[in-house]
Amino acid sequence: MHQAQSESLDWTQRYTDFLSNQPSREPRIVYQRDRARVIHSASFRRLQAKTQIFGLNESDFYRTRLTHSMEVAQIGSGLVEQLITVGQGKAYLDWLPSFYLIEAICLAHDLGHPPYGHGGEVALNYMMRNHGGFEGNAQTLRILVRLGEYTPKNGIDLSRRATLGVLKYPAIYDDVVSHNIEYQPYLATPDAFDFKTLDMSRWHPPKASVYQEEKAQFDWVLAIFSEADRKRFTQLQAPKSGFPKTQYKALDTTLMELADDIAYGIHDLEDAVAMGMVSRDLWQTEVMEQPEFKTYALWDETMTQRLFSDRSKDRKHAISKMVGIMVESIYMDENSAFEHPLLRYQARLGKAEMAVLELLKRFVYQHVITLPEVKGMEYKGQLIVLDLFKSLRANPQALLPRNTFERFDKAESERAQHRILSDYIAGMTNTYASRLYEKFFTASQGSIFDRI
């Protein structure tokens, strides 16, 4: 078999194929089924009732994790199409993901996010601090390789290349934590009696896409790379303070991350404008008159007029134009430190477009994400997750669904039991977690006919 064809089949291998020594199938078939498996998974459907920025009861218009993921997939395929358009005769064309593949990766990238977004993530990380931690990206991998319903033990069981694509931070959680000496004293902190007095700011998880429990699958994904590539790809770089981080990402991951950043910086901006949380004056001061934008003015005052128009069609036109500007600036960079093309090739935005996108992301973060009204809802979600975890841990036989309790009861260690509780809560939607909280803690709510 031709070497390129052989390597292509290596990337289409599924973990189940690897364990049973079964041959891989052709890329077109495998990547199409990767996308289908993600779309038809329960974890993907649950994203429709998980927070993006605004609460689910604010309006039917605003984005959820589901609509966000769909937009990321659309932008991701647009980035690939643009690279094809401008890449005639270039070697990277042989390594671009198919539309099926990039959409599968983009649709899967948020599967592990718990209820209440990053607030729920921080709460679960606190409760799991001595038991392997919690991180949304690592939970995504866990769903793909272990929890998903497509196979009995190997989760949704995507191809090796699709699984590689979701590894935003190719490091194991325990390894990252062990390198942060400042964090170690916090791990001995006993559970707060009253979570309302707990400072959650110190419990943001490190950037790590793999739990120790999924190390075997992680090693399988990277097995094709040379030892030198694997070592460099997973190497941690220690900052002056805080957790160390990995420095590199695979080609498909760079495409997914750019699509995610564009959706966050531009599409989430649309929600904020439509909700009246961002004024035209604030936009003018904090974006249009900032040095970065004046240096790389990507649009004129007409864009502002359309963005803040009373007509939704004008606003949508402005948002679409912004996205198009970003997508059309994509190009392929190379990192010669790596041998394998999937690590050597890196998708980038143009210098001007990247600078303006970073400005938009900071704008959304400062004037939307960190608003007291938004953070207050996040705080309430944290308390719900913390109280649910504490109650389920104290009374598992009485409060857990029977099939979940059976796994909990058979778990071989306290860490494994905590992971089962974490999986259960992380899989909840905002709506389900709120309803369960009311059932447990609100005297006038709940019924024996409410199924858990």
Side-chain angles (χ1 to χ4, degrees), residues 51-79 81-82 106 110 117-118 256-330 348-375 377-378:
T51 302
Q52 176 63 9
I53 292 181
F54 304 109
L56 295 170
N57 59 345
E58 304 291 348
S59 169
D60 291 338
F61 171 78
Y62 305 113
R63 288 169 171 84
T64 65
R65 286 280 173 186
L66 180 67
T67 55
H68 166 75
S69 297
M70 293 168 65
E71 287 172 340
V72 173
Q74 184 274 322
I75 295 171
S77 62
L79 292 172
E81 184 176 38
Q82 180 68 16
C106 291
D110 264 353
H118 292 292
M256 178 267 285
E257 273 211 308
L258 288 175
D260 193 21
D261 285 349
I262 292 170
Y264 169 75
I266 298 178
H267 283 305
D268 290 350
L269 169 67
E270 179 185 9
D271 280 357
V273 172
M275 199 172 181
M277 299 180 75
V278 174
S279 69
R280 179 169 179 167
D281 288 344
L282 184 66
W283 167 264
Q284 190 70 31
T285 302
E286 297 295 326
V287 176
M288 300 293 287
E289 295 178 7
Q290 288 300 302
E292 299 99 312
F293 191 84
K294 286 190 172 182
T295 302
Y296 304 112
L298 299 184
W299 53 76
D300 58 20
E301 186 62 26
T302 302
M303 187 76 80
T304 298
Q305 294 173 4
R306 288 173 174 167
L307 183 62
F308 290 91
S309 169
D310 293 334
R311 300 176 67 242
S312 61
K313 289 183 178 180
D314 290 340
R315 184 173 61 245
K316 180 60 69 176
H317 180 85
I319 293 296
S320 178
K321 181 67 173 177
M322 289 180 187
V323 172
I325 289 171
M326 299 300 167
V327 169
E328 290 174 6
S329 76
I330 192 79
R348 310 282 189 210
L349 293 188
K351 181 179 180 180
E353 289 75 14
M354 197 67 220
V356 172
L357 181 59
E358 290 297 325
L359 175 63
L360 293 177
K361 287 167 58 182
R362 290 198 305 272
F363 180 77
V364 170
Y365 181 80
Q366 293 172 2
H367 299 291
V368 181
I369 303 296
T370 58
L371 280 178
E373 294 84 352
V374 176
K375 299 300 286 186
M377 296 301 293
E378 181 182 284

*Does the side-chain contact (heavy atoms from CB on, under 4.5 Å) test come out yes or no for E353 and E328, once each step is laid out?*
CA-CA 9 Å; E353 289 75 14; E328 290 174 6; over 6 Å; no
Atom pair [atom1] ([X]) and [atom2] ([Y]), whose distance is rounded to the nearest 0.5 Å:
X	Y	atom1	atom2	answer
K351	S329	NZ	OG	13.5 Å
Q284	T304	CD	OG1	5.5 Å
L79	M256	CG	CE	12.0 Å
D261	L349	CG	CG	8.5 Å
I330	I262	CD1	CD1	7.0 Å

*Heavy atoms, side chains only, cut-off 4.5 Å: are Y365 and L360 in contact?*
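SC-SC contact between Y365 and L360 ruled out.
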*asked:* Are L258 and M354 packed together at the side-chain level, in the sense that at least one heavy-atom pair is separated by less than 4.5 angstrom?
replied: yes
_Test side-chain contact (heavy atoms from CB on, under 4.5 Å) applied to A352 - qualifying residues, sequence neighbours left out_ =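 Only Y296, L298 meet the side-chain contact (heavy atoms from CB on, under 4.5 Å) criterion with A352.
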Quick one: list whatever passes salt bridge (charged side-chain N to carboxylate O under 4.0 Å, His left out) with [X], sequence neighbours left out.
X	answer
E71	R63
E358	K361
E292	R362

Nearest heavy-atom neighbours spanning [X] and [Y]:
X	Y	value
G76	C106	CA-SG, 4.2 Å
S69	D110	OG-CB, 3.9 Å
V287	L359	O-CD2, 3.8 Å
A263	V72	CB-CG2, 3.8 Å

*For M326 and V356, run side-chain contact (heavy atoms from CB on, under 4.5 Å): C-alpha distance rounded to whole Å, both residues' side-chain angles, the deciding distance at 0.1 Å, then the answer.*
CA-CA 9 Å; M326 299 300 167; V356 172; 4.1 Å; yes
_Flag, side chain of T285 to backbone of L282, donor-acceptor distance under 3.5 Å_ = no
*Any donor and acceptor pair, going by atom type alone, linking the side chain of S320 with main-chain N or O of K316 inside 3.5 Å?*
no
*Can you tell me if D268 and H68 form a side-chain donor-acceptor pair at under 3.5 Å?*
no
*How would you list, by chain and number, every residue that makes a ring pair (Phe, Tyr, Trp, His ring centres under 6.0 Å) with F363, sequence neighbours excluded?*
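So F363 forms a ring pair (Phe, Tyr, Trp, His ring centres under 6.0 Å) with W283, H367.
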_Evaluation steps, side-chain contact (heavy atoms from CB on, under 4.5 Å), between H267 and V323_ = CA-CA 8 Å; H267 283 305; V323 172; 4.0 Å; yes
_Salt-bridge contact R280-E301 (side-chain N to carboxylate O under 4.0 Å)_ = yes
*Begin with the C-alpha distance, continue with both residues' side-chain angles, and end with the deciding distance and a verdict on side-chain contact (heavy atoms from CB on, under 4.5 Å) for K321 and W299.*
CA-CA 9 Å; K321 181 67 173 177; W299 53 76; over 6 Å; no
Sequence neighbours excluded and cut-off under 3.5 Å, please list the side-chain donor-acceptor pairs for residues 306-314, or say none.
from: R306; atom 1: NH1; to: H317; atom 2: NE2; distance (Å): 3.1
from: S309; atom 1: OG; to: R311; atom 2: N; distance (Å): 3.0
from: S309; atom 1: OG; to: D314; atom 2: OD2; distance (Å): 2.9
from: R311; atom 1: NH1; to: D314; atom 2: OD1; distance (Å): 2.9
from: R311; atom 1: NH1; to: D314; atom 2: OD2; distance (Å): 3.2

